[in-house]
**Student:** 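Take a look at the following structure, please.
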Amino acid sequence: MMAIYRGRFAPSPTGPLHAGSLVAALASWLDARAHGGTWLVRMEDVDMPRCVPGADELILGQLALCGLVSDEPVVWQSVRSDLYQHALDALIVNGQAYPCACSRKDIETALLVRGLSRERHQTAVYPGTCRPERGGLHGKPARAWRFAVNAIQASVKWTDQRLGPQTQDVTTEVGDFVLRRADGLWAYQLAVVVDDAEQGITHVVRGEDLTDNTARQILLQRALGLPTPTYLHTPLVLGTNGEKLSKQNGAQALDLSHPLAALEQAAQVLGLPAAKADMPAQALEAWTRAWPA
Ligand code: GLU
């Protein structure tokens, strides 16, 4: 008997699928099928200002052209606030979340005072200014909610199915990260952990650019008493400038006038042999057989 397998593809509808996101979609689908599992699509539309109206339906249409169809009704994060609030409340009750009054500028100033600066474009490690034991909000209005990383348990070790053993000390490398943003929106880290657990996800297969989030997500799972799925991070598709393809750096939408050709390209990135098929469904079948389960 094979253990239950539930996997997912969780695009943010900030634009159409690009070559990189198709790799993650294909890998998560193949891994689910090769394990006799269920494959879900979840629309990660919590960051509403970045979402593009209609991109969700566009992505679902693109996936369908490739033969990738969710086994269960698609879930949209934007209607799941109650679940995220419930998780935040549980963390607050346990003393694992606290309100924060710091603006980005406050954080940078606090780091400078301590002689710490940050590399350009990197997120600053939160200096803990609003931690309850350091005086909390200091009379200022709360802006965001942060997760209180417990320094003793913050060194997270986990094994990626492709990249091997990973370690991250969340205290020194990330700090107390945001759960609910100053603009009231739910942070990706909280939403993804709540949804993966609520949907019974056992295997997360996603792009390698997300690897760095895993330790934070494992800490949140532990704090909320949720199981940790198995993680597999897939190779990235690099643009001609050597940078990872993303919607942010203007990746072209996939040309799906020939879905099979787009799939073949994604499969190549995953190290799969050419499928020699006439239709996406046949190719998917061939790659499922070739996929290590
Ligand atoms: N929504 C995220 C993205 O599109 C993926 C999140 C995940 O797979 O955990 O980058």
Side-chain angles (χ1 to χ4, degrees), residues 6-32 37-52 55-60 62-63 68 70 74-80 83-84 87 123 156 158 160-163 166 168 174 177-179 181 185-221 224 226-237 243-251 253-254 266 270:
R6 285 173 70 80
R8 61 19 168 223
F9 174 56
S12 304
T14 53
L17 282 184
H18 55 75
S21 36
L22 183 61
V23 172
L26 176 62
S28 62
W29 190 95
L30 289 173
D31 202 49
T38 303
W39 184 73
L40 309 180
V41 175
R42 178 172 75 226
M43 280 295 156
E44 300 215 318
D45 58 346
V46 273
D47 191 350
M48 289 183 214
R50 281 186 53 228
C51 292
V52 172
D56 47 0
E57 294 301 339
L58 192 62
I59 291 173
L60 294 175
Q62 290 179 301
L63 289 171
L68 308 173
S70 183
V74 175
V75 159
W76 273 259
Q77 288 188 324
S78 52
V79 297
R80 291 162 73 83
L83 288 171
Y84 312 140
T123 311
V156 181
W158 56 281
D160 185 89
Q161 299 295 298
R162 182 175 73 93
L163 302 169
Q166 308 285 316
Q168 187 180 60
V174 183
F177 54 89
V178 170
L179 300 170
R181 300 172 6 178
L185 296 178
W186 296 103
Y188 157 66
Q189 307 295 353
L190 182 68
V192 83
V193 163
V194 168
D195 284 339
D196 282 340
E198 198 274 335
Q199 295 189 287
I201 300 301
T202 57
H203 292 69
V204 170
V205 179
R206 59 186 178 190
E208 194 177 326
D209 53 321
L210 294 161
T211 314
D212 180 62
N213 296 287
T214 310
R216 265 170 279 178
Q217 292 171 13
I218 291 174
L219 281 187
L220 270 180
Q221 288 151 4
L224 289 164
L226 303 173
T228 291
T230 300
Y231 288 95
L232 189 164
H233 289 86
T234 57
L236 299 181
V237 179
E243 280 188 20
K244 84 160 180 104
L245 266 199
S246 73
K247 292 167 210 161
Q248 282 72 43
N249 70 18
L254 271 178
L270 293 167

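Read the numbers this way: they start at 1 and go in the same order the structure lists the ligands and their atoms. Here, residue 1 is the first one in the sequence, and each next residue gets the next number.
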**Student:** Output the list of atoms in ligand 1 that are nearer than 4.0 Å to some heavy atom of V192, sorted by atom number.
**Tutor:** 9 (O)
**Student:** Going by the order shown, which atoms of ligand 1 are within less than 4.0 Å of some heavy atom of R8?
**Tutor:**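 Per the distance check, 7 (C), 8 (O), 9 (O).
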**Student:** For a quick check under 3.5 Å, do R8 and Q199 share a side-chain donor-acceptor pair by atom type?
**Tutor:**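 The criterion, which ignores hydrogens and geometry beyond distance, is not satisfied for Q199 and R8.
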**Student:** Looking at D47, D45, D56, which one forms a side-chain hydrogen bond (donor to acceptor under 3.5 Å, both in side chains) with S78?
**Tutor:** D45
**Student:** Give the atom numbers and elements of ligand 1 that come within less than 4.0 Å of a heavy atom of Y188.
**Tutor:**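 The atoms of ligand 1 under 4.0 Å from a heavy atom of Y188 are 6 (C), 7 (C), 9 (O).
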**Student:** Start with the C-alpha gap between W158 and T228, add the side-chain angles, then the distance that decides, and say whether side chain to side chain contact (heavy atoms under 4.5 Å, CB included) holds.
**Tutor:** CA-CA 10 Å; W158 56 281; T228 291; over 6 Å; no
**Student:** Mark up the atoms of ligand 1 that fall under 4.0 Å of a heavy atom belonging to R206, in ascending order.
**Tutor:** 7 (C), 8 (O), 9 (O)
**Student:** Which atoms of ligand 1 are found less than 4.0 Å from any heavy atom of L210?
**Tutor:**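 Listed by number with element: 5 (C), 6 (C), 7 (C), 8 (O), 10 (O).
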**Student:** Does D209 approach ligand 1 within less than 4.0 angstrom via side chain, backbone, both or neither, non-hydrogen atoms only?
**Tutor:** neither
**Student:** Is there a side chain to side chain contact (heavy atoms under 4.5 Å, CB included) between Y84 and V46 once you walk through the steps?
**Tutor:** CA-CA 11 Å; Y84 312 140; V46 273; 4.0 Å; yes
**Student:** Looking at R206, Q166, Q168, which hits side-chain hydrogen bond (donor to acceptor under 3.5 Å, both in side chains) with T214?
**Tutor:** R206
**Student:** Output the list of atoms in ligand 1 that are nearer than 4.0 Å to some heavy atom of S12, sorted by atom number.
**Tutor:** 1 (N), 2 (C), 3 (C), 4 (O)
**Student:** Within the distance-only criterion (no hydrogens, no angle test), does the side chain of D160 pair as donor or acceptor with the backbone N or O of H233 below 3.5 angstrom?
**Tutor:** yes
**Student:** Any donor-acceptor pair under 3.5 Å linking the side-chain atoms of T211 with those of R162?
**Tutor:** no
**Student:** When you measure from the heavy atoms of F9 to every atom of ligand 1, does any distance fall below 4.0 Å?
**Tutor:** no
**Student:** Quick one: does Q217 get within less than 4.0 Å of ligand 1, heavy atoms only?
**Tutor:** no
**Student:** Is A10 close to ligand 1, meaning an N/O of one under 3.5 Å from an N/O of the other?
**Tutor:**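 The answer is yes, given that A10 and ligand 1 share an N or O pair closer than 3.5 Å.
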